[in-house]
4 protein chains.
Amino acid sequence: MQVLKDEVRNNILTAAKKLFYQKGYNNASIRDIAKNSGITVGNVYRYFENKESVLEGVVSPVYEKIMDYIALSESYIKAGENKSFEDFRNEINSYILQITKEFRLELLILFKGTQGTRFEKTRSELISLIENRIYEGLFKRLSMEDDEAAFFSKIVARSFLESLIMVIAETEDNRKLKKMIYRLNDFYFNHLNSRFDPED
Amino acid sequence: MQVLKDEVRNNILTAAKKLFYQKGYNNASIRDIAKNSGITVGNVYRYFENKESVLEGVVSPVYEKIMDYIALSESYIKAGENKSFEDFRNEINSYILQITKEFRLELLILFKGTQGTRFEKTRSELISLIENRIYEGLFKRLSMEDDEAAFFSKIVARSFLESLIMVIAETEDNRKLKKMIYRLNDFYFNHLNSRFDPED
Amino acid sequence: MQVLKDEVRNNILTAAKKLFYQKGYNNASIRDIAKNSGITVGNVYRYFENKESVLEGVVSPVYEKIMDYIALSESYIKAGENKSFEDFRNEINSYILQITKEFRLELLILFKGTQGTRFEKTRSELISLIENRIYEGLFKRLSMEDDEAAFFSKIVARSFLESLIMVIAETEDNRKLKKMIYRLNDFYFNHLNSRFDPED
Amino acid sequence: MQVLKDEVRNNILTAAKKLFYQKGYNNASIRDIAKNSGITVGNVYRYFENKESVLEGVVSPVYEKIMDYIALSESYIKAGENKSFEDFRNEINSYILQITKEFRLELLILFKGTQGTRFEKTRSELISLIENRIYEGLFKRLSMEDDEAAFFSKIVARSFLESLIMVIAETEDNRKLKKMIYRLNDFYFNHLNSRFDPED
DNA sequence: CATGAATGAGGGTTCATTCAT
DNA sequence: GATGAATGAACCCTCATTCAT
């Protein structure tokens, strides 16, 4: 048996996933994880270098996908391929749906339970991307002062992502999830102009 | 000698407020708080039963106000005084603004830094209220299936509150804050009907 | 009581001194030290930041003295005050004797039990000083090839210091120690020329 | 199948030798040794009872030789064959040279890296022998008080051995080593009488 | 014979809480 | 009332050793 037993490794990751999800990274102890994996503390360290590596094991598949998406999306911009915001919406929605199908809990951990780790900034990097698109594609054109538009873009980007995460957290059924994500998009981005009409 | 006691108590609370805000509840230690209060560790425990009590001391004024508001708001409903959603918006906005003026940091701590404590659910209680109002005042009337409307109400309520918190966290100037909160309301609640028109 | 209780601090240092001396730094555990101090593990950390700080507490008085001596001695050289080797012998002997009177165990720990710590190189720094003096004052003048003289200077310097340490380790009586150190000097440095005469 | 076993055993010993020399006994782990031997951890324990046994495997050839030499040398004494110190010098030098040719690293490990093991005292046993010879052959005849002569004999014996070890550690070339060892002998033992003359 | 996964005791360290003074 | 020293449980991590396969 050349390779470390996959079963144990998976047990650890499964236990860690559950515990990181429930308690967050900091409050889940290696002892917890070991006990939930049915092994001893020392043995965890045969499979993972340290606690953060366990987190990495849990979260990195999703992390990589998101980072790839961000990189890809930014390369489009640099290449001058100015997609419409509509396109961007469709693009990011389909990405998120796809990732969620495979890695629902992992995604939630990555975005909610990695305080104090190197994954902490993933959320803000994704937000940064969305924020730029919102600013360029939507708010810049509205009759807002520029700094206000910028600020608002940030708030909306965060809020949109937060909503996405909430929906994912609450929806285990993928059909329903898809539906809700589309609704979310409509809710967040349709008819922006008229919302801010002063005569309302 | 109430006076002296109150001064020490306030010193503790002031230090705790600062530290909970900066580091979060879990990462702020009693030692930190004691040192920043100019008193000793042991003495903290004369004023507060344990660490969570300190949090309570910091957060309860704001907590009470919010709970009072929730209770009041719900009593209106029970009394059959059906205000319009417009009224509710104005009402909650003004409440939030008012509370923020006095208790900005406390509010942020209550909503962002109480993971693992009994205040964790404050947010969800407030959300629950908003959720009901959104459901009754807005989504029920839209052409959505009922459970979807309910679910969506929750998501939007959370998201709206989240946005409020973000704006409060980022805005120290009260004039600007007021402006942004109104914008937020417009963004979240104006022209809901047309957002979900299928022909879009 | 403004200052941490000196008695406990001293108990820790005394226990640590004993254990570092007996087992060396690495094999003496904080748990050991705590038990021998009559306190708990956690309390050690009220008095010392970490394990190396405990070592520092034990060893730094002697460390400082030796570093001061080295610095002083080197400043003489830079100033061109070329003392005879005879003078150097007297100087270093009296220094060592003086330090040993106050800090016998500490000196032994510093030179024998600090592997892997920042004090590890103290011995080699002192050796370096002695080595230079031996080379300049003694071996350079002998009919040896230069690199051999240099090499030999190093060996003798180390060996001399080692002997000093041994004598100190075995001799608790200061009168006897003094006598033995003088003998050691005679043994090491008198009549060097004739020792290497080929006709012997 | 003795052959195969021997090969593995030798691989372990070779790896252990290298690692004990580089890191010292305590800091070289069984995992390290196994990896460097190209076998597995568990298998090490088929060839050696425990970690100390591995050390024994590495060090015992040299250990035996030294013990044999000590026994032989002592049997001469008991038989009343009083050799001169000169003879003893030649004898021990040639022994050491011979051993070093075969077992340089092992010798260095035995004398430098066995702290906390049962080999710790090998050095002192050899020292004891040298010490006796020095006492009988040299210091007894000097105008020293007897206990002083005894004590000094011990110190010089240790120091001489220490110097030998240093020279061996620093000198890989056997020709040079031989030369340095002769120099060392001259340095340590020639003209002892005149060194301690009071008129110096 | 060999594997390497598993164990368990021990390492350094932190911190909420208690208690003698 | 106040002090701050002391406690003890828990944290992450390492490693010699064992054992099922």
Side-chain angles (χ1 to χ4, degrees), chain A residues 1-9 26-34 37-54, chain B residues 1 4-5 8-9 26-35 37-54, chain C residues 1-9 26-34 37-54, chain D residues 1-2 4-5 8-9 25-35 37-54:
Chain A
M1 207 173 292
Q2 287 299 88
V3 182
L4 291 190
K5 269 171 59 193
D6 278 351
E7 194 194 331
V8 175
R9 195 172 193 277
N26 284 307
N27 298 318
S29 73
I30 291 283
R31 265 178 187 73
D32 268 359
I33 293 170
S37 315
I39 60 167
T40 54
V41 173
N43 204 25
V44 173
Y45 286 87
R46 282 191 56 74
Y47 294 86
F48 298 93
E49 216 187 345
N50 51 35
K51 196 184 169 187
E52 188 145 349
S53 292
V54 180
Chain B
M1 208 178 293
L4 227 187
K5 277 189 69 170
V8 175
R9 197 171 190 280
N26 282 309
N27 298 318
S29 72
I30 291 283
R31 259 181 189 67
D32 269 359
I33 294 169
K35 190 176 289 177
S37 315
I39 62 159
T40 57
V41 173
N43 205 24
V44 172
Y45 284 83
R46 287 197 62 76
Y47 292 87
F48 299 93
E49 208 187 344
N50 52 33
K51 197 182 170 188
E52 187 148 348
S53 294
V54 180
Chain C
M1 207 173 291
Q2 287 299 87
V3 181
L4 293 189
K5 268 170 61 195
D6 278 353
E7 194 194 331
V8 175
R9 194 172 194 278
N26 283 309
N27 298 318
S29 74
I30 290 284
R31 275 172 179 78
D32 268 359
I33 293 169
S37 314
I39 60 167
T40 55
V41 174
N43 204 25
V44 173
Y45 286 85
R46 283 190 57 73
Y47 294 86
F48 298 93
E49 217 186 344
N50 51 35
K51 196 184 170 188
E52 188 146 349
S53 291
V54 180
Chain D
M1 207 177 292
Q2 278 302 92
L4 229 188
K5 277 190 67 169
V8 175
R9 196 171 191 280
Y25 176 72
N26 282 310
N27 297 320
S29 73
I30 291 283
R31 255 179 192 69
D32 269 359
I33 293 168
K35 189 175 291 176
S37 316
I39 62 158
T40 58
V41 174
N43 206 22
V44 173
Y45 283 84
R46 287 196 61 77
Y47 292 86
F48 298 93
E49 208 188 345
N50 53 32
K51 196 182 169 187
E52 187 148 349
S53 293
V54 180

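Within every chain, numbering begins at 1; the chains are lettered A, B, ... in the order of the sequence lines, protein sequences first and strands thereafter.
Applying the Watson-Crick and G-U wobble criteria (two distances, each under 3.5 Å), E:dT21 pairs with F:dA2.
Closest to the side chain of C:Arg46, from the set F:dG4, F:dT17, F:dT3, is F:dG4. Residue C:Ile30 has its side chain nearest to E:dT13 when only F:dT7, E:dT13, F:dC12 are considered. Of the listed nucleotides (F:dC13, F:dG8, F:dA2), F:dG8 has the atom at the smallest distance from the side chain of C:Thr40.
Atom CG in C:Asp32 sits about 8 Å away from atom P in E:dG12, given to the nearest Å. One can place CZ of C:Arg31 at 16 Å from P of F:dC13, the figure rounded to the nearest angstrom. Rounded to whole Å, the distance from CZ on B:Phe48 to P on E:dT17 is 13 Å. B:Ile33 has its CD1 atom 17 Å from the C1' atom of F:dG4, to the nearest Å. Residue B:Tyr45 contributes atom OH, which lies 14 Å from atom C1' of F:dA6 at whole-angstrom precision. Across the protein-nucleic acid pair, A:Asn50 atom CG and E:dG12 atom P stand 20 Å apart, rounded to whole Å. Per the geometry, NZ belonging to A:Lys51 stands 8 Å off P belonging to F:dC13, to the nearest Å. Distance, B:Tyr47 OH to E:dT18 C1': 18 Å, rounded to whole Å.
Here the straight-line distance linking atom CZ of B:Arg46 with atom OG1 of B:Thr40 works out to 10.5 Å at 0.5 Å rounding.
Contact record, B:Arg31 with B:Val41: CG-CG2, 3.9 Å, taken as the closest heavy-atom pair. Of all the heavy atoms in B:Tyr45 and B:Asn50, the pair that sits closest is CE2-CA, 3.8 Å.
Where A:Asn26 and B:Gly38 meet DNA chain F, the nucleotide closest to each residue was compared, and B:Gly38 sits on the side nearer the 5' end. Between A:Val41 and D:Val41, it is D:Val41 whose nearest contact on DNA chain E lies nearer the 5' terminus.
Among the protein residues, C:Ala28 comes within range of the sugar-phosphate backbone only, with heavy atoms under 4.0 Å from sugar or phosphate atoms but none that close to a base. Heavy atoms of C:Val8 sit under 4.0 angstrom from primed sugar atoms or phosphate atoms, though from no base atom.
At distances below 3.5 Å, not a single donor-acceptor pair connects side-chain atoms of C:Tyr47 with backbone N or O atoms of C:Val54.
At least one side-chain nitrogen or oxygen of B:Asn43 sits closer than 4.0 Å to the OP1 or OP2 atom of F:dT3. Look at A:Ser29 and you'll find a side-chain N or O under 4.0 angstrom from OP1 or OP2 of F:dC11.
For the pair D:Ile39/D:Val8, a side-chain contact is recorded, criterion being any heavy-atom separation below 4.5 Å from C-beta on.
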